[in-house]
Amino acid sequence: MQNCNHQIKDINTYILYVLYFLINALFITKYLMRISLSVTLLVLSAYLLAGLLLPRLAARVGHVGSRSLWFAILGFILVLAGMQYLIDPYQIQVDRWSAIHNFINYLVHGRYPYMAPTHLGGYGSPFPVWQFLHIPFYYLNNVGLSLFAVLAFTLYTVKRLYGNRATLCFLACLLYSPAFLYEIFVRSDLMANFLLVLAVINLLLIKQAGLSTRPVLFSLLLGMLLSTRLAVAIPFFIFLLRPFLSLNLRRKTSFLLGIFLTFSLTFLPFLLWDMKSLLFFEYNPFVLQTRQGSLSGILLLIPVMIYLAFSWQDSRRRLYGNIGYGLFLLTAVTFIINMATSGNYQLFSPTYDISYFSMSLPFIIIANIRKS
C-alpha cells in the first residue's frame with residue numbers, strides 16, 4: 001500500500017509539472033507565434049530545458065534566513081511594480097484593470113458603477129467584494145498593485161506553513177512563469193484573486209480551523225469570497241465537501257444559508273440603487289461570469305469535482321493539486337464545449353482567453369513545494 005501511495009504521489013508530481021509547463025507554453029506560443037514559428041519553438045525548447053533544472057537548483061538552496069527572504073521578496077516586488085509602471089495601461093488590449101478602476105471611479109462620483117465601461121468598451125464582471133478591495137489601489141492610481149499586496153500575504157502564509165526555503169521556491173516558480181508575468185504587465189487581477197483564495201486556505205490550515213467548530217466563520221468567508229468571482233467555489237468545494245457532509249442537517253442548512261445571505265448582502269446596495277441594471281442589463285456581472293459556461297459542462301464536472309474532494313484525504317499536497325486540477329479542468333472543459341458548439345477551434349483567437357488557465361497555477365506550484 002505504501003508503494004502504491006508513493007507511485008500515486010510521483011504520478012501527481014509529474015502531471016502537475018506538465019500542467020505548469022503547458023499553461024506557460026500556451027502564453028509563449030500565443031505571443032511569439034506573431035513573430036515566427038522558429039522563434040517560438042526555440043524559446044519553448046529553452047524554457048522547458050531551463051525549467052527542468054529548477055528542481056535541481058531548488059535542492060541546492062541551503063538555509064534561507066527570514067530577513068534575506070523578505071528582502072528578496074521586497075526587491076522583486078519593487079522591480080516588477082516599477083516595470084508595470086513603464087507600460088501605458090490604455091495601450092493594453094486587456095481591460096481587467098479598467099473594469100475595476102472605472103467601476104470605482106463611477107462609484108466615488110455617485111454614478112451606478114456596474115454601468116461603467118472599460119477602456120475597451122466592455123463592462124466589469126468582478127463582484128462587489130473584489131471591487132471594494134481595490135479601492136486603496138485606485139487612490140494609488142494603479143489597481144494592478146493589488147497583485148503585489150495579495151502576493152505578499154500569500155507568501156506570508158506559505159512561510160508560516162512550509163518555511164523560508166519553500167517560500168522562496170514558490171516565488172521563484174511564479175517569477176519563472178510567463179503567465180504570472182503577463183498578469184503583472186497587463187495589470188490583471190485574475191491570478192491575484194486565486195492567490196488570495198490560496199492564502200485564505202493556508203490561513204485556515206495554520207489556525208487549524210474546522211468547519212464543524214467554526215461554521216459561522218466559514219460561511220462568512222465563503223460568502224465574501226464568492227463575491228469576488230464565482231469560480232472560487234471550486235477550491236472550497238474540494239476543500240470542504242467532506243467536512244460539510246459530516247454536519248447534521250440543521251448545521252448544513254445554516255451553513256449554506258449563511259453563505260447565501262453573506263453573498264446576497266454584498267449586492268444589496270447595488271440592488272437598492274438600480275435593480276433593473278443589476279439584474280437585467282445585458283452585460284451585468286452575473287451574465288459576464290457565467291456566459292461561457294454550459295449545463296453540459298457542469299454535468300461533466302460535478303462527478304470529477306466530487307472525486308477530487310474525496311481523494312485528497314489529509315494530504316495538503318493532494319489538496320492543492322486537486323484544486324489545481326479542478327480549476328484547470330473548469331477552463332479546459334468550457335473551452336472544449338464552446339469549440340464543439342461554435343465550430344471555432346482556434347485556441348488563440350479572441351474567443352478564448354487562455355489567461356483563465358492561470359487560476360490553477362498557484363495551487364499547481366504549491367502542490368510541488370516541499371516543507372523546509
Side-chain angles (χ1 to χ4, degrees), residues 125-133 150 153-154 157 160-161 193-272 278-279 285-286 289-290 293 295 297-316 318-327 329-330 359-360 362-363 366:
S125 64
F127 286 163
V129 167
W130 194 238
Q131 300 279 18
F132 280 102
L133 286 175
V150 174
F153 177 42
T154 306
T157 65
R160 286 282 305 273
L161 274 175
N193 205 159
F194 288 86
L195 281 168
L196 178 62
V197 171
L198 172 58
V200 170
I201 290 175
N202 282 348
L203 204 59
L204 291 170
L205 293 173
I206 291 167
K207 299 296 184 182
Q208 298 183 338
L211 179 58
S212 60
T213 56
R214 308 291 291 277
V216 175
L217 170 66
F218 276 83
S219 61
L220 288 174
L221 269 178
L222 265 66
M224 297 285 278
L225 286 168
L226 281 173
S227 188
T228 59
R229 278 184 172 85
L230 286 176
V232 307
I234 287 179
F236 285 100
F237 179 86
I238 294 170
F239 181 38
L240 295 175
L241 179 60
R242 285 189 304 152
F244 170 76
L245 292 176
S246 68
L247 300 176
N248 61 39
L249 180 61
R250 182 181 64 82
R251 301 192 86 182
K252 285 176 184 171
T253 304
S254 61
F255 173 66
L256 294 175
L257 185 61
I259 294 173
F260 175 76
L261 288 176
T262 304
F263 177 78
S264 300
L265 284 172
T266 66
F267 282 95
L268 184 59
F270 303 100
L271 190 68
L272 296 175
L278 179 64
L279 299 180
F286 302 104
Q289 288 209 28
T290 58
L295 179 60
I298 294 171
L299 293 176
L300 280 171
L301 286 170
I302 285 176
V304 176
M305 297 302 168
I306 292 173
Y307 169 76
L308 293 174
F310 277 95
S311 63
W312 66 271
Q313 297 175 349
D314 293 318
S315 168
R316 291 177 186 171
R318 286 294 302 276
L319 168 63
Y320 297 134
N322 285 5
I323 292 173
Y325 293 146
L327 291 170
L329 287 171
L330 171 67
M359 296 187 296
S360 62
F363 299 95
I366 198 169

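Here the structure is a predicted model, which means the values were calculated and not measured. Positions are given from 1 along the sequence.
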Pairing residues for Ile298 by the side chain to side chain contact (heavy atoms under 4.5 Å, CB included) criterion, not counting sequence neighbours: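 Result, side chain to side chain contact (heavy atoms under 4.5 Å, CB included) vs Ile298: Ile302.
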Kindly determine whether Leu247 and Phe244 satisfy side chain to side chain contact (heavy atoms under 4.5 Å, CB included), including the steps that lead there. CA-CA 6 Å; Leu247 300 176; Phe244 170 76; 4.3 Å; yes
First locate atom [atom1] of [X], then atom [atom2] of [Y], and finally report the distance between them rounded to the nearest 0.5 Å.
| X | Y | atom1 | atom2 | result |
| --- | --- | --- | --- | --- |
| Asn322 | Met305 | CG | CE | 10.0 Å |
| Tyr325 | Arg318 | OH | CZ | 7.5 Å |
| Leu279 | Leu271 | CG | CG | 5.5 Å |
| Thr157 | Leu205 | OG1 | CG | 9.5 Å |
| Leu161 | Leu203 | CG | CG | 9.0 Å |

Return yes when atom CZ of Phe260 has more than 12 non-hydrogen atoms of other residues, nucleotides or ligands closer than 6.0 Å, and no otherwise.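 No, because the 6.0 Å sphere around CZ of Phe260 holds 12 heavy atoms or fewer from other groups.
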In terms of heavy-atom contacts, does NZ of Lys252 have more than 12 from other residues, nucleotides or ligands at under 6.0 Å?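 Correct, the count exceeds 12.
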Shortest non-hydrogen separation from [X] to [Y] and the atoms involved:
| X | Y | value |
| --- | --- | --- |
| Phe270 | Phe132 | CZ-CE1, 3.7 Å |
| Ala209 | Arg214 | CB-CG, 4.5 Å |
| Leu327 | Ser360 | CB-CB, 3.8 Å |
| Pro285 | Ser125 | CB-O, 3.6 Å |
| Arg251 | Ser212 | NH2-O, 2.8 Å |

Phe286: ring pair (Phe, Tyr, Trp, His ring centres under 6.0 Å) partners, not counting sequence neighbours: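 Expected list: Phe127, Phe267.
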Does the side chain of Leu196 come within less than 4.5 Å of Leu133's, by heavy atoms?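 A side-chain contact under 4.5 Å exists here.
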Can you find a heavy atom in the side chain of Thr213 that is under 4.5 Å from one in the side chain of Gln208?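 With C-beta onward as the side chain, the pair stays apart.
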Donor-acceptor pair, Ser264 side chain versus Leu261 backbone, under 3.5 Å?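 Flag not set: sc Ser264 to bb Leu261 has no pair under 3.5 Å.
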Could you tell me whether the side chains of Asn202 and Thr154 share a donor-acceptor contact shorter than 3.5 Å?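 The answer is no; no qualifying pair exists.
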Let me check something: any side-chain donor-acceptor pairs from residues 218-241 under 3.5 Å, sequence neighbours excluded? List them with distances.
unit_1, atom_1, unit_2, atom_2, d
Ser219, OG, Pro215, O, 3.2
Ser219, OG, Val216, O, 2.9
Ser227, OG, Val129, N, 3.4
Ser227, OG, Thr266, OG1, 2.9
Thr228, OG1, Asn193, ND2, 3.2
Thr228, OG1, Leu225, O, 2.4
Arg229, NH1, Asp189, OD2, 2.9
Arg229, NH1, Asn193, OD1, 3.0
Arg229, NH2, Asp189, OD1, 3.4
Arg229, NH2, Asp189, OD2, 3.0

